[in-house]
J.: 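I'd like to ask some things about the structure below.
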Amino acid sequence: MGTWLPGVVVNKKQWSDELFSLQIDAAIPEFNAGQFVRIALDINDERIARPYSCVNSPDEKYIEVYFNIIPDGPLTPKLARLEIGDPLWVWDSVNGLLTLNEVPECRHLWMCATGTGIGPYISIMKTDKVWNRFEKVVLVYATRTFAEMAYQDFINSALNDHGGQFIYCPILSREEKQSMLPGRIPGLIDNGKLEAQAGVEIDAQNSHVMLCGNSGMIADTITVLGKRGMQKHKRREPGHIAMEKYH
Ligand SMILES: Cc1cc2nc3c(=O)[nH]c(=O)nc-3n(C[C@H](O)[C@H](O)[C@H](O)COP(=O)(O)OP(=O)(O)OC[C@H]3O[C@@H](n4cnc5c(N)ncnc54)[C@H](O)[C@@H]3O)c2cc1C
């Protein structure tokens, strides 16, 4: 059981025509970086709710969510129209297993995102835990175009703060840009180009791979990693891959 908490938008950032972040003031309970909240609006007398990963760290005062408009979607066009001071609903529990608590002992953490799937990794990277625990932290961020890459200032400051430990691999599928890999995550793992760019190998001995975003990327990456003897992680059956499927 749970209940809806009243929330209010306290900040809004528009990254492009389709991409938005909202900061929300609501009294949610403690959570772990990488988890998601449920956000709802009352639309035509119906409460429409969807899950969204927290971009904020557990220490920050406001919830932050990052999303794109799905033109025919019931919630996102309305969510994007909210302004500072507007009310919304937030479910009073936070869920999800894409957290560091679920990652078994390993040396290298790979965090792979498509599109808005970058959100939970920003939250994780805002915590000390990730920097205290892994020898290498690799962020793989795949979008169609560079204009769709959000949170670049935060990522650049993490590169400054955690130089040799933090490796950033941006990937573009629909345009070419210097120093960014062209293609898609599964293909670039399969042909070895992602690891060549990162200077770190993905293997069952040393690596844990988090996958977040679209289901095609997640399914294809699991297949590619399966060829290396890597499997989904389960609490009762430790593995090497964790995921959060957005759509
Ligand atoms: C655990 C979890 C966490 C999530 N966290 C986020 C998040 O942090 N940010 C975020 O943007 N979305 C996230 N999502 C997706 C989100 O809950 C909504 O589905 C999405 O925002 C669209 O909402 P909607 O009501 O407008 O359309 P929906 O009715 O939810 O979806 C309409 C159609 O669009 C597809 N769709 C949903 N999301 C996308 C997308 N990003 N790109 C292309 N097609 C899509 C759906 O599969 C469906 O076919 C998450 C989903 C899950 C299950």
Side-chain angles (χ1 to χ4, degrees), residues 33-36 53-55 66 68 96-100 102-104 106-127 130-131 133-146 148-152 154-155 158-159 162 165-174 177 179-233 239-247:
Q35 292 192 299
F36 60 86
S53 298
C54 296
V55 181
Y66 172 53
N68 58 319
L97 298 175
L98 197 73
T99 65
L100 295 184
E102 301 294 328
V103 177
C106 66
R107 291 170 60 206
H108 304 149
L109 180 69
W110 287 75
M111 301 185 292
C112 304
T114 56
T116 54
I118 191 72
Y121 303 141
I122 301 292
S123 179
I124 288 171
M125 286 166 57
K126 285 181 172 181
T127 68
V130 72
W131 308 113
R133 182 166 164 195
F134 301 99
E135 277 176 44
K136 299 281 181 197
V137 175
V138 188
L139 178 67
V140 182
Y141 186 9
T143 60
R144 291 174 301 185
T145 62
F146 182 62
E148 291 176 349
M149 280 190 171
Y151 294 99
Q152 293 298 294
F154 174 81
I155 292 168
L159 282 169
H162 304 282
Q165 183 186 18
F166 177 45
I167 296 153
Y168 178 44
C169 298
I171 296 175
L172 298 176
S173 63
R174 295 217 187 141
K177 198 166 163 66
S179 82
M180 299 198 176
L181 284 168
R184 294 173 197 278
I185 293 172
L188 290 166
I189 294 176
D190 210 23
N191 65 21
K193 289 188 178 170
L194 183 60
E195 290 151 290
Q197 169 106 346
V200 184
E201 285 183 12
I202 306 177
D203 61 38
Q205 284 71 44
N206 297 308
S207 321
H208 190 85
V209 182
M210 290 177 153
L211 305 172
C212 187
N214 84 60
S215 48
M217 178 279 283
I218 291 174
D220 293 349
T221 306
I222 289 172
T223 303
V224 167
L225 294 178
K227 292 195 250 171
R228 302 175 180 213
M230 300 176 78
Q231 306 146 14
K232 288 186 210 173
H233 175 73
H240 324 87
I241 307 168
M243 72 213 69
E244 196 71 82
K245 213 181 279 183
Y246 281 5
H247 59 96

J.: With a 4.5 Å cut-off on side-chain heavy atoms, are L194 and W110 touching?
T.: yes
J.: Inspect the surroundings of CZ in R184 and state if more than 12 heavy atoms from other residues, nucleotides or ligands are less than 6.0 Å away.
T.: no
J.: Should the heavy atoms of other residues, nucleotides or ligands under 6.0 Å from CD of Q165 be counted, would the total exceed 12?
T.: yes
J.: Any chance you could measure T143, atom OG1, to I118, atom CD1, to the nearest 0.5 Å?
T.: 9.5 Å
J.: Do F134 and V103 pass the side-chain contact (heavy atoms from CB on, under 4.5 Å) test, and can you show the C-alpha distance, the side-chain angles, and the key distance before you say yes or no?
T.: CA-CA 11 Å; F134 301 99; V103 177; 4.1 Å; yes
J.: Give me the atom names and distance for the closest heavy-atom approach of A198 to I167.
T.: O-CD1, 3.6 Å
J.: Backbone N or O of V138 within a donor-acceptor pair of the H108 side chain at under 3.5 Å?
T.: no
J.: Please evaluate residues D203 and R228 with respect to the criterion side-chain contact (heavy atoms from CB on, under 4.5 Å), reporting the C-alpha separation (whole Å), side-chain torsions for both, the decisive distance (0.1 Å), and the verdict.
T.: CA-CA 7 Å; D203 61 38; R228 302 175 180 213; over 6 Å; no
J.: Test your reading of the model: is there a side-chain donor-acceptor pair from S215 to the backbone of H247, 3.5 Å cut-off?
T.: yes
J.: OH of Y151 to CD1 of I122: how many Å apart, nearest 0.5 Å?
T.: 7.0 Å
J.: If you look at every heavy atom in M149 and I171, which pair is closest and at what distance?
T.: CE-O, 3.6 Å
J.: Do any N or O atoms from the side chain of S123 and from the backbone of G119 form a donor-acceptor pair under 3.5 angstrom?
T.: no
J.: Are any non-hydrogen side-chain atoms of P170 and F146 less than 4.5 angstrom apart?
T.: no
J.: Is it the case that more than 12 heavy atoms not belonging to K193 sit under 6.0 Å from its NZ atom?
T.: no
J.: Using side-chain contact (heavy atoms from CB on, under 4.5 Å), reason through V224 and I185 one step at a time and then give a plain yes or no.
T.: CA-CA 10 Å; V224 167; I185 293 172; over 6 Å; no
J.: For the CG atom of L211 and the CE atom of M217, what is their distance to the nearest 0.5 Å?
T.: 5.0 Å
J.: Looking at H240 and H208, would you say the former's side chain and the latter's main chain have a donor-acceptor pair under 3.5 Å?
T.: no
J.: Given 3.5 Å as the limit, does a donor-acceptor pair link the side chain of R133 with the main chain of L100, or not?
T.: yes
J.: Could you check if a side-chain atom of F36 sits within less than 4.5 angstrom of a side-chain atom of L98, using non-hydrogen atoms only?
T.: no
J.: For T99 and A33, work out which heavy atoms get closest and say how close.
T.: CG2-O, 3.4 Å
J.: Measure the spacing between CD of E201 and NZ of K136 and express it to the nearest 0.5 Å.
T.: 13.0 Å
J.: Can you find a heavy atom in the side chain of M243 that is under 4.5 Å from one in the side chain of I222?
T.: yes
J.: If I take atom CD1 from residue I202 and atom CE from residue M230, how far apart are they, to the nearest 0.5 angstrom?
T.: 6.5 Å
J.: Do H233 and P104 touch side chain to side chain, with heavy atoms closer than 4.5 Å?
T.: yes
J.: Looking at the rings of Y121 and Y141, which for Trp means the six-membered one, are their centres under 6.0 Å apart?
T.: no
J.: Heavy atoms only: give me the nearest T114-G213 pair and the separation to one decimal.
T.: OG1-CA, 3.3 Å
J.: Indicate yes or no for a side-chain donor-acceptor contact from E148 to the backbone of L172 under 3.5 Å, with no hydrogens or angles considered.
T.: no
J.: Compare all side-chain heavy atoms of H162 with those of V137 and state whether any distance is below 4.5 angstrom.
T.: no
J.: If I compare all heavy atoms of V130 with all of M125, which pair ends up nearest, and what's the gap?
T.: CG1-CA, 4.1 Å
J.: Measuring from atom CG of N206 to atom CG of L109, what distance do you get when rounded to the nearest 0.5 angstrom?
T.: 12.5 Å
J.: Is a side-chain N or O of Q35 found less than 3.5 angstrom from the main chain of C54, in a donor-acceptor match?
T.: no
J.: Compare every heavy atom of M111 with every heavy atom of I124, then report the nearest pair and how far apart it is.
T.: CG2-SD, 4.1 Å
